[in-house]
Amino acid sequence: MSQKIYVGNLGYSIDDSALSEKFAEFGTVQSSKVIIDRDTNRSKGFAFVEMSSAIEADRAINALNGTEFGGRAMNVSEAKPMAPKSRY
DNA sequence: AGTGAGCGC
């Protein structure tokens with residue numbers, strides 16, 4: 001079982017590893033992905049982190065939501081299901 | 001560059 005976390009308002013300097021290490025403090029990070037704009041190759045300023053359990057995810061959310069990271073106070077919350085991919 | 005939701009041609 002795993003729980004996905006949505007992380008918004010990230011600084012553009014944050015990358016997958018930085019996020020992963022940050023959340024690893026509260027549990028096992030299964031995966032982490034900072035969303036990069038395909039057209040500009042720049043961070044979109046938000047990301048997804050997958051923790052190994054909802055317990056750990058909840059701890060991480062409560063501990064990290066609103067805290068500064070990369071110069072911005074990030075929004076951390078449970079992720080919603082992934083949107084269907086556009087084929088165009 | 002900023003209120004946003006990910007993948008894979």
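In the text below, chain A, chain B and the rest are named by the order of the sequence lines, each starting its count at 1. Computation of the quantities below employed the complete heavy-atom set of this structure, encompassing side-chain atoms and omitting hydrogens, waters and symmetry-equivalent molecules.
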Visitor: Taking atom types as modelled, is there a side-chain donor on Glu21(A) or Ser17(A) under 3.5 Å from an acceptor on the other?
Guide: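 Glu21(A) vs Ser17(A): no donor-acceptor pair found between side chains.
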Visitor: Take Lys44(A) and Ile36(A) through the test side chain to side chain contact (heavy atoms under 4.5 Å, CB included) and record every step on the way to the result.
Guide: CA-CA 5 Å; Lys44(A) 286 190 167 183; Ile36(A) 304 296; over 6 Å; no
Visitor: Less than 3.5 Å apart, any donor N or O on the side chain of Gln30(A) or Ser2(A) sitting next to an acceptor on the other?
Guide: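 The answer is no; no qualifying pair exists.
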Visitor: Walk along nucleotides 2-8 of chain B from 5' to 3' and tag each nucleotide B, S or - by protein heavy-atom contact under 4.0 Å, base first, then sugar-phosphate.
Guide: BBBBBBS
Visitor: Answer yes if Tyr12(A) and Ile14(A) sit in the same cluster of Ile, Leu, Val, Met, Phe, Trp and Tyr residues linked by side chain heavy atoms under 4.5 Å apart, and no otherwise.
Guide: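 Unlinked, Tyr12(A) and Ile14(A) end up in two clusters.
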Visitor: Within 90° of 0 counts as syn, otherwise anti: where does dG4(B) fall?
Guide: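 Chi for dG4(B) falls in the syn range.
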Visitor: Report whether Met74(A) and Val34(A) are members of the same hydrophobic cluster (ILVMFWY, side-chain heavy atoms less than 4.5 Å apart, transitive linking).
Guide: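 Same hydrophobic cluster.
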